Asks: 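The following block contains the structure, expressed as structure tokens.
Keep in mind that this is a model prediction, so the values were computed, not measured.
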Amino acid sequence: MSDKNEKADKSAERLGVLKTYKLFVGGKFPRSESGRVYEVTDPEDKWLANAPLSSRKDARDAVVAARKAFGGWSGATAYNRGQILYRVAEMLEGRRAQFAREVADAEGLGKSKAAAVVDAAVDRWVWYAGWSDKVAQIAGAANPVAGPYFNLSTPEPTGVVAVLAPQESSFLGLVSVIAPAIVTGNTTVVVASERAPLPALSLGEVLATSDLPGGVVNILSGRTAEIAAPLAAHQDVNAIDLAGADPELARTLEEAAADNLKRVVRPQPVDWSADPGTGRLLSFLETKTVWHPMGV
């Protein structure tokens with residue numbers, strides 16, 4: 001190849017378009033209210049992107065969005081919620097290559113292992129979608145009572161749930177804490193993995209195009225302790241999942257959560273690739289019992 005042709009080839013090269021990651025709040029993609037960002041690197045300390053560094057105000061705004069969405073989402077039929085979760089799985093399947101790349105960078109995995117993680121996350125969405133109209137069968141009951149009454153117990157969503165996503169499992173663990181909370185009608189404020197937030201922020205783009213009403217899932221990135229503190233103390237947050245908190249932070253957040261008697265799921269070692277069971281699915285449900293007189 002001549003020097004002239006080589007120069008022409010170089011001139012034809014173009015700069016890549018770097019992705020600008022944003023928060024996902026109320027179905028929209030705002031920048032952090034603070035205007036701050038922080039560097040996200042891979043396990044070998046190579047720069048990947050700048051992620052928004054959420055503030056306390058971002059956390060409060062996310063709670064407002066979640067509360068606003070709660071009435072419509074909890075009032076939707078279980079079948080409809082299942083359809084929407086299945087739609088999320090469909091959209092993820094279509095962006096499998098992107099998420100495999102992001103998971104590989106975030107967790108230092110090879111291509112095949114990262115692809116397997118994404119496949120497991122897609123399957124996890126489908127698995128929880130299937131529970132949407134069945135959870136009442138295991139969490140509700142017709143209770144035998146002494147008297148001329150029907151006595152029926154049915155599960156209802158708790159409300160707004162703050163979720164600290166697992167720190168190490170940036171995508172499969174993330175899906176495994178979001179899906180069980182929302183499939184039963186709760187709305188969520190999710191704090192992404194501090195070290196590896198990019199798959200979570202990209203998930204917001206999928207959720208925005210999956211028929212999920214704005215505000216059902218709100219995703220924040222930044223310093224976990226900084227964002228979690230106002231969420232644990234917030235009077236309009238009904239429950240908190242501490243999956244991504246270390247023992248010291250978890251203890252502090254539990255104390256703050258006790259002020260308005262939040263439900264708390266404590267952190268514990270979890271194999272996110274294993275069968276999730278129904279534990280988290282049932283963690284954020286209340287039981288409503290109705291008495292009704294029998295007709296003569």
Asks: I need the S74 OG to I182 CD1 distance, nearest 0.5 Å.
Replies: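 Here the rounded value is 13.0 Å.
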
Asks: Does the ring of Y38 carry R223 above it, NZ/CZ under 6.0 angstrom from centre and within 45° of its axis?
Replies: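 Verdict for Y38: a cation-pi partner in R223.
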
Asks: Answer yes if the side chains of S54 and S32 hold a donor-acceptor pair under 3.5 Å, and no otherwise.
Replies: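 Their side chains do not contain a donor-acceptor pair, so the 3.5 Å distance test is not met.
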
Asks: Could you tell me whether a side-chain N or O of N218 sits under 3.5 Å from a main-chain N or O of G215, the two making a donor and an acceptor?
Replies: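 Yes; at least one donor-acceptor contact below 3.5 Å.
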
Asks: Give the minimum heavy-atom separation between A165 and L174, together with the two atoms involved.
Replies: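 Heavy atoms only, the tightest pair is CB-CD1, 3.6 Å.
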
Asks: Apply side-chain contact (heavy atoms from CB on, under 4.5 Å) to the pair L164 and L253, showing each step before the final yes or no.
Replies: CA-CA 11 Å; L164 309 189; L253 297 177; 3.6 Å; yes

Asks: Report yes if some heavy atom in the side chain of P276 is under 4.5 Å from a heavy atom in the side chain of W127; otherwise report no.
Replies: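 In short, these two side chains touch, coming nearer than 4.5 Å.
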
Asks: Quick check: are there more than 12 heavy atoms from other residues, nucleotides or ligands sitting under 6.0 Å from CZ of R31?
Replies: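 No - once you tally the heavy atoms of other residues, nucleotides and ligands closer than 6.0 Å, there are 12 at most.
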
Asks: Does the pair E33/R56 count as a salt bridge with the N-to-O cut at 4.0 Å?
Replies: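 No salt bridge links E33 with R56.
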
Asks: Could you grab the distance from atom CD of E254 to atom CG of L249, nearest 0.5 Å is fine?
Replies: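 CG of L249 is found 10.0 Å from CD of E254.
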
Asks: Could you measure the distance from the CZ atom of R251 to the CG atom of D246? Nearest 0.5 Å is fine.
Replies: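 CG of D246 is found 9.0 Å from CZ of R251.
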
Asks: For residues F29 and F24, determine if any side-chain heavy atom of one lies less than 4.5 Å from a side-chain heavy atom of the other.
Replies: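 A side-chain contact under 4.5 Å exists here.
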
Asks: Are the side chains of V63 and R60 in touch, meaning some heavy atoms are under 4.5 Å apart?
Replies: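 They are not in side-chain contact.
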
Asks: Distance-only, no hydrogens or angles: does the S132 side chain make a donor-acceptor pair with backbone N or O of A129 under 3.5 Å?
Replies: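 Indeed, once roles are kept as given, a pair shorter than 3.5 Å links the two residues.
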
Asks: Is there a path of hydrophobic side-chain contacts, each under 4.5 Å between heavy atoms, that joins V175 and V126?
Replies: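 No, V175 and V126 fall in different hydrophobic clusters.
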
Asks: Is L203 linked to V216 within one hydrophobic cluster, defined over Ile, Leu, Val, Met, Phe, Trp and Tyr using a side-chain heavy-atom separation of less than 4.5 Å?
Replies: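 Same cluster.
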
Asks: Are N238 and F284 packed together at the side-chain level, in the sense that at least one heavy-atom pair is separated by less than 4.5 angstrom?
Replies: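 N238 vs F284: side chains apart.
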
Asks: Could you check I178, I84, L85 and say which one makes a side-chain contact (heavy atoms from CB on, under 4.5 Å) with V183?
Replies: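 Answer to the side-chain contact (heavy atoms from CB on, under 4.5 Å) test with V183 among I178, I84, L85: L85.
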
Asks: Treating Q167 as the side-chain partner and E194 as the backbone partner, does any N or O pair qualify as donor plus acceptor under 3.5 Å?
Replies: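 Yes; judged by distance alone, with no hydrogens or angles, the pair exists.
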
Asks: Does atom CD (E248) have a neighbourhood of more than 12 heavy atoms from anything else shown, all under 6.0 Å?
Replies: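 For E248, atom CD is not crowded (no more than 12 foreign heavy atoms under 6.0 Å).
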
Asks: Apply side-chain contact (heavy atoms from CB on, under 4.5 Å) to residues E39 and N50 and explain how you reach the verdict.
Replies: CA-CA 5 Å; E39 291 188 354; N50 289 335; 3.6 Å; yes

Asks: Just wondering, do K19 and L198 contact through their side chains at under 4.5 Å, heavy atoms?
Replies: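 Side-chain contact under 4.5 Å: no.
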
Asks: Quick check: does any side chain N or O of R263 sit under 3.5 Å from a backbone N or O of L285, one acting as donor and the other as acceptor?
Replies: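 Pair found, side chain donor or acceptor close to backbone of L285.
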
Asks: Side chains of N186 and T184: donor-acceptor distance under 3.5 Å anywhere?
Replies: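 Judged by distance alone, the side chains do pair up.
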
Asks: Taking all non-hydrogen atoms of both residues, which atom of L201 and which atom of P52 are closest, and how far apart?
Replies: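 Between these two residues, the closest heavy atoms are CD1-CD, 3.8 Å.
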
Asks: Grab the two heavy atoms, one from P155 and one from A136, that are nearest each other, plus how far apart they are.
Replies: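 Smallest interatomic distance, heavy atoms only, reads CG-CA, 3.8 Å.
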
Asks: Is atom NZ of K134 surrounded by more than 12 heavy atoms (other residues, nucleotides or ligands) closer than 6.0 Å?
Replies: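 Yes - once you tally the heavy atoms of other residues, nucleotides and ligands closer than 6.0 Å, there are more than 12.
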
Asks: Between D105 and K46, is there a side-chain heavy-atom distance shorter than 4.5 Å?
Replies: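 No, side chains not in contact.
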
Asks: How close do P267 and L242 get, heavy atom to heavy atom, and via which atoms?
Replies: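 The pair with the smallest heavy-atom distance is CB-O, 3.2 Å.
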
Asks: Taking only residues two or more places apart in sequence, or in another chain, which ones meet D236 in a salt bridge (Lys or Arg N to Asp or Glu O under 4.0 Å)?
Replies: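 Expected list: R67.
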
Asks: Give a yes or no answer on whether the side chain of K262 reaches the backbone of H234 with a donor-acceptor pair at less than 3.5 Å.
Replies: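 Yes: the side chain of K262 pairs with the backbone of H234.
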
Asks: Would you indicate whether the side-chain heavy atoms of V118 and L92 approach each other to under 4.5 Å?
Replies: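 The answer is no, as the side chains (C-beta and beyond) never meet within the 4.5 Å cut-off.
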
Asks: Look at the side chain of T278 and the backbone N and O of L281, then say whether any donor-acceptor pair between them is shorter than 3.5 Å.
Replies: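 Such a contact is absent between T278 side chain and L281 backbone.
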
Asks: Indicate yes or no for a side-chain donor-acceptor contact from R81 to the backbone of A76 under 3.5 Å, with no hydrogens or angles considered.
Replies: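 Judged by distance alone, yes, a pair lies under 3.5 Å.
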
Asks: Under a 4.5 Å side-chain heavy-atom rule over Ile, Leu, Val, Met, Phe, Trp and Tyr, are V64 and L212 clustered together?
Replies: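 Different clusters: V64 never reaches L212 through Ile, Leu, Val, Met, Phe, Trp or Tyr contacts under 4.5 Å.
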
Asks: Tell me if a side-chain donor or acceptor on D42 pairs with a main-chain N or O of G108 at a distance below 3.5 Å.
Replies: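 Absent.
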
Asks: Assess whether side-chain contact (heavy atoms from CB on, under 4.5 Å) is satisfied between D119 and R96, documenting all intermediate values.
Replies: CA-CA 8 Å; D119 289 343; R96 180 176 179 270; 2.6 Å; yes

Asks: For the pair V190 and V217, evaluate side-chain contact (heavy atoms from CB on, under 4.5 Å) and give the outcome as yes or no after the intermediate values.
Replies: CA-CA 7 Å; V190 181; V217 176; 4.2 Å; yes

Asks: Look up atom OG in S210 and atom CD in E90, then write down how far apart they are to the nearest 0.5 Å.
Replies: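 Reported to 0.5 Å precision, the distance equals 8.5 Å.
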
Asks: For a quick test of reading the model, state the closest non-hydrogen atom pair linking W272 to S176 and the distance between them.
Replies: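 Residues W272 and S176, closest heavy atoms: CE3-CB, 3.6 Å.
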
Asks: Provide the full list of ring pair (Phe, Tyr, Trp, His ring centres under 6.0 Å) pairs with a residue in residues 91-112, sequence neighbours left out, each pair given once.
Replies: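 Passing the test, one end in residues 91-112: F99-F171.
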
Asks: Hydrophobic cluster membership, with links at side-chain heavy-atom distances under 4.5 Å among I/L/V/M/F/W/Y: are V40 and V37 in one?
Replies: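 V40 does not cluster with V37.
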
Asks: Enter the distance from T209:OG1 to M91:CE here, rounded to the nearest 0.5 Å.
Replies: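 One gets 3.5 Å once the value is rounded to the nearest 0.5 Å.
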
Asks: Is any side-chain heavy atom of L282 closer than 4.5 Å to one of V135?
Replies: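 V135 reaches L282 side chain to side chain.
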
Asks: Side-chain heavy atoms nearer than 4.5 Å, only ILVMFWY residues, links allowed to pass through others: does that put I240 and V177 together?
Replies: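 I240 does not cluster with V177.
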
Asks: Which atoms form the tightest heavy-atom contact between T224 and A192, and what is the distance?
Replies: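 Looking at all heavy atoms of both residues, the shortest contact is OG1-O, 4.2 Å.
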
Asks: What is the distance from atom CG of L23 to atom CD1 of I219, rounded to the nearest 0.5 Å?
Replies: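 If we round to the nearest 0.5 Å, L23:CG and I219:CD1 are 9.5 Å apart.
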
